[in-house]
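Inspection log for the structure reproduced underneath, given as structure tokens.
Letters A, B, ... are given to chains in the order of the sequence lines, protein chains preceding strands, and every chain is numbered from 1.
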Amino acid sequence: MPGFDQLFTLLQFVAWPATVFIAWWLAHAAQRHLQWPKVSIYALIGLGAGWFDFERLGSEELITAVADAAAALVMFELGFRVNLRWFRNNLWLAMIALTQTVAGIALVVASATMLNEPLMVGLALGALMVMCSPATIVTAIHENRSSGQVTERIVHLAAFSVVASVVLFKLMVGFDSLRVSGDWAALGGDGALVLLGSTAVGLSFGFVTLRLLSALENNPNAVSVYFALAVVLLAALSRALQMSVLIAALAFGLAARHSRTVPSAIKRNFGVLGELAILVLVVVSLAQIPRAGLAQHAKLAVVLLIASLVVKLMVNMLFARLSGTSLRKGALTGLALMPMSAVVLVMLRESGALDQWVRAEVAAVLSIMLIVFEVFAPLATQFALRWAGEAAQQPSAPAPANAGGATTMMLANERERVNGA
Amino acid sequence: MVLEAFKTSAPLTMGVELELQIVSPTDLDLVSGAEDLLELLERKPFPGEVKPEITSSMIEISTDPQSSYEPLYQQLIAARDALVAAVDRLNLDICGGGTHAFQRWYERRIYDKPRFKAISELYGYLAKQFTVFGQHVHIGCESADQALYLLHALNRYVPHFIALSASSPFSQGVDTLFDSARLNSVFAFPLSGRAPFLLTWADFEAQYFDKMYSTGIVQSMKDFYWDIRPKPEYGTIELRVCDTPLSIERAAALAAYLQVLCRWLLDTPSAGALEDDYLVYNFNRFAACRFGLDGIVIDPRSKESIVLRDDIRASVRRLAGAANDLGAQAALRDIEAALDTGNDALKLRTHYLSTGSMAGVVELAAREFRGKQAPAAESLG
């Protein structure tokens with residue numbers, strides 16, 4: 001049937017660009033009229049594309065390459081904002097990061113075990129659920145132009161969560177291999193290799209590119225494009241070397257930040273490019289969510305959703321004052337860290353050594369959680385930043401002017417004029 | 001009577017207020033951190049006082065009244081160390097300097113306080129553009145008339161303080177060619193400039209303040225943004241022309257220079273002001289802002305042109321006796337060193353020319369503020 005073939009060919013060409021275009025348009029409209037975070041709409045459209053099997057319509061290599069590049073851009077941005085010295089200056093912050101990770105995994109494993117899931121499922125879920133969504137967090141910060149303790153903390157804790165999740169998941173896969181093959185080298189080898197290897201790749205890449213940068217003019221656009229292209233190259237290189245794209249890009253961002261050779265003029269979030277990267281990343285990731293066996297895992301997913309939120313809230317509140325902020329901001333930090341990353345599905349899919357049944361089981365639970373988290377958690381982050389008073393100021397009712405007669409009169413006249421207009 | 005009574009205070013005691021920049025260690029831009037910083041600082045007694053300023057990237061510290069240079073300097077160091085420890089804990093940084101080199105005024109946020117909101121509503125964008133950072137020095141006066149005498153006698157020395165403290169060569173990402181661009185932001189306000197030439201408190205009240213009050217333009221002395229203004233509630237005069245210097249050492253030295261100068265002016269009644277001295281006031285002020293220590297000012301009496309650096313050097317030598325009496329020799333040595341090596345504006349501009357980086361300028365300012373005594377990193381507990 002030539003007609004159907006032609007239609008399929010046409011769809012293959014336009015499905016993704018059209019989806020991304022619609023997602024962007026709807027997200028901006030929703031943000032303008034409903035103040036809804038753009039990432040939520042990207043996620044909804046991505047889910048829709050997945051339900052319609054759009055995934056089938058694109059080349060898998062191309063989609064992977066685009067998703068890698070987008071994730072790497074986000075991680076570079078995150079790394080560029082992370083001040084490693086802060087973890088040393090404020091050891092309670094490091095304590096929050098560690099406790100959140102350990103308590104999170106422990107609670108997930110305990111919940112999964114109570115609901116009769118095997119240990120490996122609990123461990124895999126625990127390791128992957130550690131990761132907060134860097135894309136959602138970076139986007140929320142930019143959209144709200146937020147600054148303050150909640151903002152700083154979610155950036156640093158999200159960066160830590162990515163590294164912890166990647167390493168712990170590798171360890172967990174190694175543990176699974178150990179159980180099956182008795183190979184002790186598999187236990188720590190992969191985790192250590194991926195952490196050290198990816199960091200080395202990111203840092204060496206940073207070393208070279210930062211030196212090449214000195215030949216360029218100090219122009220914000222040129223520098224931003226330079227780094228964006230370098231990050232895309234690093235993503236491809238990391239994949240070719242079978243290293244973690246996320247950790248390598250994070251290490252590159254850290255190197256760029258701590259070298260102090262990067263002009264401050266680099267555009268935050270890479271400007272237009274950064275927005276496109278996050279749009280593509282979220283739509284593509286959500287379209288790939290598996291839809292099989294969701295219903296029978298709903299109970300566990302709901303329990304884990306609650307456990308995850310409780311751990312983040314409790315840990316951040318527990319150490320809030322000790323780490324130098326208020327209890328309120330501690331709670332809002334926990335709330336803002338709700339978004340979960342769809343990148344975990346890619347990690348799961350690529351964990352060839354993990355038992356296939358475990359992978360399917362974990363994927364089903366994560367899918368339900370991602371559907372909820374990717375759509376609603378950006379709202380929680382946005383609310384948290386606004387409640388913390390860290391989002392850019394919205395126009396508010398004018399304060400009573402403590403001025404004399406003439407100025408009070410001028411202000412009253414102006415208000416009347418503005419309101420009447 | 002609407003003007004607050006002038007409280008007397010111990011003569012020649014001094015206090016310093018410093019407006020400081022809160023910057024992000026990530027990109028060195030200004031960042032809204034005042035609320036978090038104040039929340040943390042409130043937990044322990046602070047050496048002096050700390051409070052918010054009009055935009056949330058600013059913070060103001062002030063010392064207690066001090067009788068001499070050394071305790072003032074020590075209290076400023078203690079305040080600086082407390083601030084540095086707090087910002088380290090919050091992933092912020094803090095620095096002096098009269099302007100931030102590359103911040104964009106429209107990104108600033110008005111601090112959430114009714115008075116600041118009211119100022120913002122009245123002055124529109126001027127309020128956010130007022131994200132500039134000054135050092136104010138108070139000198140205690142035993143009477144209101146003495147305050148007015150000093151206020152006007154000091155007019156000839158205002159350029160000294162502008163040139164010595166100048167640390168705002170950059171604004172909104174460009175070199176302004178001024179050493180102190182900050183004062184141009186202050187000039188935009190309708191009630192800035194100089195106080196009217198009235199030498200007794202009774203005249204000041206009857207012939208100026210009451211009339212201004214009756215127009216409805218002002219409510220209190222706080223509404224005047226003069227270069228030097230009387231502060232009746234403290235019993236002081238307040239010099240407001242200085243940029244916040246990059247270092248605590250320079251801030252303390254400037255305060256002590258003013259104290260010694262006031263002592264000399266009180267001991268030398270012939271040094272008092274004439275109304276005609278103000279004929280050259282705005283020109284001299286401009287010369288100091290634009291050219292710093294290299295500015296050429298006009299002596300209002302002899303009509304001679306003098307390079308500010310030379311005028312300050314002569315003044316410092318004249319004040320040696322008073323400095324000995326007040327224990328301010330070290331402060332005057334710092335002032336002389338500034339005459340030799342240049343002011344902070346020169347330091348910042350030189351750094352920019354060698355690095356080409358505005359962020360580097362702010363980084364240098366943050367390093368200078370920490371000085372050599374920055375405390376070790378905060379640990380658990």
Heavy atoms of other groups near [X] [atom1], more than 12 under 6.0 Å:
X	atom1	answer
Met314(A)	CE	no
Lys347(B)	NZ	no
Arg43(B)	CZ	yes

Over all heavy atoms of both residues, which pair between Val31(B) and Ser147(A) is shortest? Give the atoms and the distance, please.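 Heavy atoms of Val31(B) and Ser147(A) come nearest at CG2-CB, 3.6 Å.
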
Ignoring hydrogens, what is the shortest heavy-atom contact between Arg321(A) and Arg89(B)? Give both atom names and the distance. O-NH2, 3.8 Å

Electrostatic pair Glu390(A)-Arg109(B), nearest N-O below 4.0 angstrom: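 Arg109(B) and Glu390(A): not salt-bridged.
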
Let's go through Asp36(B) and Gln149(A) carefully: what are the C-alpha distance in whole Å and the side-chain angles of both, what is the deciding distance for side chain to side chain donor-acceptor pair (under 3.5 Å) to 0.1 Å, and is it a yes or a no? CA-CA 7 Å; Asp36(B) 294 321; Gln149(A) 272 306 283; 4.6 Å; no

From the options Thr151(A), Asn89(A), Asn83(A), select the one residue that forms a side-chain hydrogen bond (donor to acceptor under 3.5 Å, both in side chains) with Asn91(B).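 Per the side-chain hydrogen bond (donor to acceptor under 3.5 Å, both in side chains) rule, the option paired with Asn91(B) is Asn83(A), out of Thr151(A), Asn89(A), Asn83(A).
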
From NZ (Lys329(A)) to CD (Glu35(B)), nearest 0.5 Å: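 Between Lys329(A) NZ and Glu35(B) CD, I get 5.0 Å after rounding to 0.5 Å.
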
